[in-house]
Amino acid sequence: MKEEIKKLNDMSIFFKDFVGAVVKKYNNLSREVVFSSMVVKKAIDILAMSEYALKNNIISVQISLLRLLCDNCLAVEAASELGLVKIMELINTNQRVSAIMIDDEQNMSDGYLKRRVSERYPGFDRLYRFACDGVHFSKQAMAGAFYKDNDGLINININIGNPELKDELISNNNSMITLCKVLLDMLKKLCLAN
């Protein structure tokens, strides 16, 4: 488990180094600095809570945090498509990206943004759906509330965490790290490419 926690801590360092590079490039509170700092702050907070969830075997929270990190990717995708000027205007006026129409029939919904991210990062859509299933009441959420004992009997589990799901917790942690790498790549293309 120490190795998994180290991955989360290392990723936080990568995010901080990235913001340092953006600040160094622009040397002021440019849109790039402000936007990347907002996204990175949220990502680092998610990683900190992911460490807590991992240490305490709280898979339901871990999956919810995966969904929040997916939402960060959707926000960066929206900024990439609309431009930083427009996305900052929307943020500053408390407007939602989903109000923006792409064409006569398609708004900039989470589904649309998810598809766009998946075009460049195959598998993102599967991870997004997995995280959504964990957040909403589903078979996945139901499974965490029960366990089989040594006699094969099904029992209710309303205790904190699911220590019996160590392998799944580690797998989800690896998905968290992969998703962080996607987010960093997206941010680099948006804030450091030009």
Side-chain angles (χ1 to χ4, degrees), residues 3-26 29-54 59-88 90-91 96-98 100 108-135 169-194:
E3 179 63 30
E4 296 305 314
I5 290 167
K6 182 179 180 333
K7 290 177 190 177
L8 294 170
N9 292 328
D10 288 349
M11 194 53 64
S12 289
I13 293 168
F14 293 143
F15 276 119
K16 289 176 184 178
D17 289 346
F18 167 76
V19 169
V22 175
V23 169
K24 184 176 180 181
K25 178 176 180 174
Y26 294 97
L29 283 179
S30 67
R31 288 178 188 91
E32 292 82 1
V33 170
V34 173
F35 184 78
S36 65
S37 295
M38 288 187 325
V39 172
V40 166
K41 166 69 171 134
K42 191 178 263 192
I44 288 173
D45 286 349
I46 290 167
L47 289 171
M49 288 301 95
S50 295
E51 180 179 340
Y52 179 84
L54 189 61
I59 198 164
S60 60
V61 170
Q62 185 190 47
I63 294 169
S64 297
L65 293 168
L66 271 170
R67 171 58 196 273
L68 287 174
L69 200 56
C70 285
D71 286 348
N72 263 7
C73 292
L74 299 184
V76 176
E77 180 61 28
S80 296
E81 292 200 21
L82 295 173
L84 284 172
V85 171
K86 181 66 175 175
I87 202 75
M88 294 306 291
L90 291 172
I91 291 168
R96 299 213 176 264
V97 170
S98 60
I100 302 294
M108 195 170 273
S109 65
D110 285 355
Y112 168 81
L113 294 167
K114 175 192 68 165
R115 285 190 300 278
R116 297 289 290 165
V117 174
S118 294
E119 289 171 7
R120 285 188 314 287
Y121 303 96
F124 178 82
D125 53 345
R126 284 190 310 277
L127 181 57
Y128 183 89
R129 277 193 305 276
F130 167 78
C132 286
D133 286 345
V135 168
L169 284 154
I170 290 171
S171 176
N172 291 344
N173 196 64
N174 288 328
S175 293
M176 181 77 64
I177 298 304
T178 299
L179 198 50
C180 284
K181 290 176 182 176
V182 166
L183 182 60
L184 265 174
D185 188 61
M186 293 176 76
L187 281 169
K188 285 177 185 176
K189 289 175 181 170
L190 179 66
C191 298
L192 289 177
N194 46 7

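- Remark: Glu119 engages Arg116 in a side chain to side chain donor-acceptor pair (under 3.5 Å) (not counting sequence neighbours).
- A donor-acceptor pair under 3.5 Å is absent between the side-chain atoms of Asp125 and the main chain of Arg115, judged by distance alone.
- Counting heavy atoms from C-beta outward, Leu54 and Met176 have side chains that stay 4.5 Å or more apart.
- Under the rule for a salt bridge (Lys or Arg N to Asp or Glu O under 4.0 Å), the partners of Arg120 that lie at least two apart in sequence or sit in another chain are Glu77.
- The side chain to side chain donor-acceptor pair (under 3.5 Å) search around Asp10 returns Lys6, not counting sequence neighbours.
- Every side chain to side chain contact (heavy atoms under 4.5 Å, CB included) that Val33 has, sequence neighbours left out, goes to Val22, Val23, Tyr26, Leu29, Ser30, Ser37.
- In this structure, the side chain of Gln62 engages the main chain of Leu169 through a donor-acceptor pair within 3.5 Å.
- Residues Ile13 and Asp17 form a side-chain contact, since some pair of their non-hydrogen atoms from C-beta on lies under 4.5 Å apart.
- Here the shortest heavy-atom pairing between Phe124 and Cys73 reads CE1-CB, 3.8 Å.
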**Derivation of the side-chain contact (heavy atoms from CB on, under 4.5 Å) call for Lys189 and Val76** = CA-CA 10 Å; Lys189 289 175 181 170; Val76 176; over 6 Å; no
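- Remark: Ser98 engages Arg96, Asn107 in a side chain to side chain contact (heavy atoms under 4.5 Å, CB included) (not counting sequence neighbours).
- Looking at Leu66, Leu183, Leu8, Leu68 one by one, the single match for side chain to side chain contact (heavy atoms under 4.5 Å, CB included) with Ile46 turns out to be Leu68.
- Rounding to the nearest 0.5 Å gives a distance of 10.5 Å between CZ of Phe14 and SG of Cys180.
- Considering only residues two or more places apart in sequence or on other chains, Ser171 meets the side chain to side chain donor-acceptor pair (under 3.5 Å) condition with none of them.
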**Request:** Evaluate the side-chain contact (heavy atoms from CB on, under 4.5 Å) criterion for residues Ile91 and Met38: first the C-alpha distance (whole Å), next the side-chain angles of each, then the deciding distance (0.1 Å), finally the verdict.
**Result:** CA-CA 11 Å; Ile91 291 168; Met38 288 187 325; 3.5 Å; yes
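- With rounding to the nearest 0.5 angstrom, the CD atom of Glu32 is 11.5 Å from the CG atom of Leu187.
- Between atom OG of residue Ser50 and atom CD1 of residue Ile63 there is a gap of 11.5 Å, rounded to the nearest 0.5 Å.
- The two residues Leu69 and Ala43 have their closest heavy-atom pair at CD1-CB, 4.1 Å.
- At least one side-chain heavy atom of Met108 sits under 4.5 Å from a side-chain heavy atom of Leu113.
- At a threshold of 4.5 Å between non-hydrogen side-chain atoms, the residues Ser80 and Met186 do not count as touching.
- Interatomic distance, OG of Ser109 versus NZ of Lys114, reported as 9.0 Å (0.5 Å rounding).
- Legend: residues meeting salt bridge (Lys or Arg N to Asp or Glu O under 4.0 Å) with Lys16, ordered by chain and number and at least two apart, are absent.
- Listed by chain and residue number, Glu4 satisfy the salt bridge (Lys or Arg N to Asp or Glu O under 4.0 Å) test with Lys7 (two or more places apart in sequence, or in another chain).
- In this structure Asp45 satisfies the side chain to side chain donor-acceptor pair (under 3.5 Å) test together with Lys41, sequence neighbours excluded.
- The side chain to side chain contact (heavy atoms under 4.5 Å, CB included) search around Ser12 returns Ile44, Leu47, not counting sequence neighbours.
- The CZ atom of Arg126 sits 10.5 Å away from atom OG of Ser175, with the distance rounded to the nearest 0.5 Å.
- Asp110 is linked by a salt bridge (Lys or Arg N to Asp or Glu O under 4.0 Å) to Arg67, counting only residues two or more places apart in sequence or in another chain.
- A search for side chain to side chain contact (heavy atoms under 4.5 Å, CB included) contacts involving Ala75 returns nothing, not counting sequence neighbours.
- Atom CZ of Phe18 and atom CG of Leu192 lie 4.5 Å apart (nearest 0.5 Å).
- The shortest side-chain heavy-atom distance between Leu74 and Tyr112 does not fall under the 4.5 Å cut-off.
- Contact record, Ile87 with Ala79: CG2-CB, 3.9 Å, taken as the closest heavy-atom pair.
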